[in-house]
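In what follows, a structure is listed as structure tokens, so that the remarks can point back to it.
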Protein chains: 2
Amino acid sequence: MFHVSLIPIRSGSASGSGQERRDAARNRELLLCAARQLIEECGADGLTMDKLAERAGVGKGTVFRRFGSRAGLMMTLLSDAEAEFQGRFMFGPPPLGPGAPPLERLIAFGAGRIGYVLEYGDLARAADHSVYNKFEVPAAVLWHRHIEHLLRAAGFDADPWLMAMSLSATLDPERLLHAVRVHGVSPERLEESWRQLVTRVVGSAEGGIPE
Amino acid sequence: MFHVSLIPIRSGSASGSGQERRDAARNRELLLCAARQLIEECGADGLTMDKLAERAGVGKGTVFRRFGSRAGLMMTLLSDAEAEFQGRFMFGPPPLGPGAPPLERLIAFGAGRIGYVLEYGDLARAADHSVYNKFEVPAAVLWHRHIEHLLRAAGFDADPWLMAMSLSATLDPERLLHAVRVHGVSPERLEESWRQLVTRVVGSAEGGIPE
DNA sequence: ATACTAAACGGACTGCGGTCCGGTTTATAT
DNA sequence: ATATAAACCGGACCGCAGTCCGTTTAGTAT
């Protein structure tokens, strides 16, 4: 398993030019630690930026300088899991990773994403809840590109970009969680419906070449 | 064109038991009028509940008692257009209304919805932006049921409920507007991609019976 | 050690959606 | 006309995300 430059999730660690100042690093750890504590106590939805600042013993400005927004904080908290998932579908073993036929990979991608969303629940939803351009977040762009690429590889040649958007919409955390929590849909049912969807979309097109 | 009981969009007019009090009716009109003014001046996103209350010359509490929330206000503002659209796809002429084969109706439904969203833009987005259960709004439930019904009629028998959810996701105002405004996608491209999607989903299933 | 600068800090402040409750108005019954 | 109760009103109030700016601090050059 490589650790080559995945898509930068967030300024999780000392990246960019120069070093990170000591106090900044200390506060970052303090904040992340306090955030995990609070989420355990109140749930992701119960975490407020004020409580976080107070718990970590820093000013509110510091919280926002570090994470930019509430959604940014949530992304940072998810960044490990996210990087792991990215690693799996980009470099991992088939059928999720390269080596399987595109359709198989699409099916596995959806299943993986469904599992991810159900595992992290509110956290994933809160991370998506950036008021504007939640579609331009690096991770989201990567998923979109990945789906688009698999569609092309599977021989789908009618506007793969838009079709990838439609497929991404299906995997939206808010919708998935709503189906599961409000309507009691099982993860297996979600996966099966996703399988139906992508299978039919890719269609009886020749099936594409494994890669 | 019938005016039989469509799905109640919002408490648009004096519904329910008894009469609406005079002052209440007056204030409702004042508020709707002021809201339209403000949207013309500042756009839907620029409308705040405080500004609205001030402009209408009523207290803030009155605004929320009337509409419940910001999203509720937006829905009320859209209720005429919404009722008209509902009337068209439920009772209007084919291919949107009954009489055409299910697949044709599905295609027409998507096109209609795309047109609707693009026409009302931010207003439609703001109406959807109810923090919780934006999926349980009566109008949304109706669309979902309609799609599900058309899927069944078209011979799709593998979890039409979830598939309707996926298709609804594609028509989400936020996504559609993002594609158009940020990526310059044309309405025609959206419609064509929707056509591809539903055609493939319904698949080479026998095609269903016109109804 | 000292002086200097850029970065980080903190908390008061703003604007927003939404709630609450004591006072007021309207319709109805007498 | 008068009493009564329910519906309605207004605006102070709350919690929250996000911003601003005067102050402090960590590294660096001398």
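Keep in mind that this is a model prediction, so the values were computed, not measured. Chain identifiers are assigned alphabetically (A, B, ...) following the order of the sequence lines, protein sequences preceding nucleic acid strands; residue numbering begins at 1 within each chain.
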Given side chain to side chain contact (heavy atoms under 4.5 Å, CB included), test A:Thr62 with A:Phe67 step by step and report yes or no.
-> CA-CA 9 Å; A:Thr62 303; A:Phe67 304 110; over 6 Å; no
Evaluate the criterion salt bridge (Lys or Arg N to Asp or Glu O under 4.0 Å) for residue pair B:Glu148 and B:Arg152; output intermediate values, then yes/no.
-> CA-CA 6 Å; B:Glu148 183 184 354; B:Arg152 284 186 205 277; 2.8 Å; yes
Among C:dA8, C:dG18, D:dG18, which is the nearest nucleotide to the side chain of A:Arg70?
-> D:dG18
Choosing from D:dC9, C:dG10, C:dA8, which nucleotide comes nearest the side chain of A:Val58?
-> C:dG10
Distance-only donor-acceptor test, B:Lys60 side-chain atoms vs D:dA12 base atoms, 3.5 Å | no
Are OP1 or OP2 of C:dA8 and a side-chain N or O of A:Thr62 less than 4.0 angstrom apart?
-> no
Is any side-chain nitrogen or oxygen of B:Asn27 closer than 4.0 Å to OP1 or OP2 of D:dC9?
-> yes
So for atom [atom1], which belongs to [X], do other residues, nucleotides or ligands contribute more than 12 heavy atoms lying within a distance under 6.0 Å?
X: B:Arg181; atom1: CZ; result: yes
X: A:Glu136; atom1: CD; result: yes
X: B:Glu54; atom1: CD; result: no

How are the rings of A:Phe135 and B:His178 set to each other: parallel, tilted or perpendicular (split at 30° and 60°)?
-> tilted
What one-letter contact string describes nucleotides 21-30 of chain C from 5' to 3', where B marks a base within less than 4.0 Å of any protein heavy atom, S marks contact via sugar-phosphate atoms alone, and - marks no contact?
-> ----BSS---
Ranking A:Thr48 and A:Gly61 by the position along DNA chain D of their nearest nucleotide, the one closer to 5' is A:Thr48
